[in-house]
Amino acid sequence: IQHRLQKDLGLPARHAAKKPLLTEAMKKKRLQFCRTYQHWTSEDWHKVMFSDESTFRLVRQDSKVVRRPKGVSRFDPRYTVKTVKHPDSVMVWGAFSGNCGRAGLYFLPKNVTMRGSNYIEVLQGHLLNFWLIHECHHFMHVGAPAHRTKTVQKWLTDNNIAVLDWPGNSPDLNPIENAWNIMKDKVQEAQPTNIHELQEILKKLWVTMDKKYFEKLAGSMPKRLQNVLKVKGNMTKY
């Protein structure tokens, strides 16, 4: 059956892509966002400061394919994937623009979540100077509760930072997600053993990322918007 499906009918088994579940309301917001900014050029998007938070873990729970010799137990330690229930992790905030590449990087203290008060401290200490240097016109951050507080909105207004109305649950419309994924792959290759090593690896990865890569990410926004419009608000490949 598998042979007929794969060879004769051209239907090989494939891993399903993991994408956020979107409600009809979410799709409408995505479409509205894309229609609003579909006429922006790559140069326009280069003047946007993209930001986000992401969690990096010491152990990534990924599947692994192994070639185990015949007669060797599948539970042999050499051919098993090691997992832990609660791996240590660090939450990182970062930002970039197509104009100048990377901006600030900030590590939240252990067991501390992002709230309106400390988010303002992050923006004050790790965004504001870069905002002036990069000569950006707009700021993009996700719709997390900490980002939507009145104090945060007032701080952004007081500092003349215009914010794009980013639609929720849309990682394909915030290109910094691509940078996070590359860094997570590199962290997995490096296999740090403690949080200090993890943070040092992340700092090195961040400062060595090519400016042209960030230019490419920002420049991909027109195509991202068109793809979302094409699929009527559903998730895209990004």
Side-chain angles (χ1 to χ4, degrees), residues 30 33-56 91-108 114 118-144 146-148 152-186 199 202-228 236-238:
R30 284 164 56 81
F33 176 85
C34 293
R35 288 167 182 153
T36 300
Y37 300 105
Q38 65 178 322
H39 301 300
W40 276 25
T41 65
S42 294
E43 289 71 24
D44 292 324
W45 288 106
H46 280 186
K47 298 175 183 178
V48 174
M49 183 74 78
F50 299 92
S51 74
D52 192 19
E53 294 104 43
S54 186
T55 299
F56 291 81
M91 179 172 281
V92 180
W93 176 92
F96 81 89
S97 77
N99 269 354
C100 298
R102 63 180 175 82
L105 191 73
Y106 174 77
F107 297 96
L108 272 74
M114 191 71 85
N118 57 349
Y119 186 49
I120 290 178
E121 294 176 3
V122 172
L123 297 178
Q124 185 75 43
H126 303 275
L127 170 69
L128 205 52
N129 288 338
F130 289 100
W131 176 261
L132 299 175
I133 295 171
H134 288 224
E135 298 181 342
C136 288
H137 294 174
H138 290 83
F139 178 56
M140 179 184 281
H141 60 179
V142 300
H147 302 174
R148 300 195 306 266
V152 169
Q153 299 304 315
K154 183 179 185 302
W155 185 91
L156 292 167
T157 300
D158 291 345
N159 286 277
N160 299 314
I161 297 177
V163 181
L164 295 181
D165 189 17
W166 185 83
N169 220 25
S170 299
D172 55 338
L173 292 176
N174 193 347
I176 198 172
E177 294 284 353
N178 297 74
W180 292 146
N181 285 333
I182 286 179
M183 292 173 67
K184 287 178 180 180
D185 289 338
K186 296 294 185 182
Q199 291 181 339
L202 292 173
K203 290 177 185 177
K204 184 176 180 180
L205 289 171
W206 187 247
V207 300
T208 56
M209 294 189 82
D210 192 351
K211 176 178 178 289
K212 290 184 178 180
Y213 173 67
F214 290 116
E215 291 177 355
K216 183 178 178 181
L217 287 182
S220 70
M221 283 302 294
K223 188 174 181 180
R224 290 171 187 256
L225 300 185
Q226 291 302 319
N227 285 346
V228 171
T236 63
K237 68 174 183 177
Y238 290 100

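These values consider heavy atoms only, across backbone and side chains, with no hydrogens, waters or symmetry-generated copies. Positions are given from 1 along the sequence.
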- [ ] Would you check if the side chain of Gln153 reaches a backbone N or O of His147 as a donor-acceptor pair within less than 3.5 Å?
- [x] yes
Open item on the list: With heavy-atom distances below 4.5 Å as the criterion, would you say the side chains of Ser54 and Lys184 are in contact?
Closed with: yes
- [ ] Measure up the Phe96 and Phe50 rings against each other and bin them: parallel (under 30°), tilted (30 to 60°), perpendicular (over 60°).
- [x] parallel
TODO: Evaluate side-chain contact (heavy atoms from CB on, under 4.5 Å) for Leu217 paired with Arg224, printing each intermediate quantity in order.
DONE: CA-CA 10 Å; Leu217 287 182; Arg224 290 171 187 256; 4.1 Å; yes
- [ ] Give a yes or no answer on whether the side chain of Ser170 reaches the backbone of Gly168 with a donor-acceptor pair at less than 3.5 Å.
- [x] yes
Open item on the list: Looking at every non-hydrogen atom in both residues, tell me the closest pair between Phe33 and Asp165 and how far apart they are.
Closed with: CD1-O, 3.3 Å
Open item on the list: Quick one, Leu173 and Leu225 - any side-chain contact, counting heavy atoms below 4.5 Å?
Closed with: yes
Task: Short side-chain to backbone donor-acceptor contact, Asn181 and Asn178, under 3.5 Å - done: no
Task: Student check: side-chain heavy atoms of Leu202 and Phe107 closer than 4.5 Å - done: yes
Open item on the list: In the structure I gave you, are the side-chain heavy atoms of Arg35 and Gln38 within less than 4.5 Å of one another anywhere?
Closed with: yes
- [ ] Taking all heavy atoms of Val48 and all of Met140, pick out the closest pair and write down the distance.
- [x] CG1-CB, 4.1 Å
Open item on the list: Any non-hydrogen side-chain atom of Trp93 less than 4.5 Å from a side-chain atom of His141?
Closed with: no
Task: Residue pair Leu128 / Trp155, side-chain heavy-atom distance below 4.5 Å - done: yes
TODO: Measure the acute angle between the ring planes of Trp180 and Phe56, then classify it against the limits of 30° and 60° as parallel, tilted or perpendicular.
DONE: perpendicular
TODO: Evaluate the ring planes of Tyr37 and Trp40, with Trp represented by its six-membered ring, and classify them as parallel (under 30°), tilted (30 to 60°) or perpendicular (over 60°).
DONE: perpendicular
Task: Evaluation steps, side-chain contact (heavy atoms from CB on, under 4.5 Å), between Met114 and Leu108 - done: CA-CA 8 Å; Met114 191 71 85; Leu108 272 74; 3.7 Å; yes
Task: Closest heavy-atom pair and its distance - Ser42, Gly219 - done: OG-O, 3.4 Å
Open item on the list: Within the 4.5 Å heavy-atom criterion, are Asn159 and Leu123 side-chain neighbours or not?
Closed with: no
TODO: Give a yes or no on whether the backbone of Pro167 and the side-chain of Arg30 come within a donor-acceptor separation of less than 3.5 Å.
DONE: no
Open item on the list: Please check: side-chain N/O of Asp172 versus main-chain N/O of Lys237, any donor-acceptor pairing under 3.5 Å?
Closed with: no
- [ ] Return the minimal non-hydrogen interatomic distance between His126 and Leu105, and the atom names on each side.
- [x] ND1-O, 3.8 Å
Open item on the list: Are more than 12 heavy atoms, taken from residues, nucleotides or ligands other than Lys216, located less than 6.0 Å from that residue's NZ atom?
Closed with: no
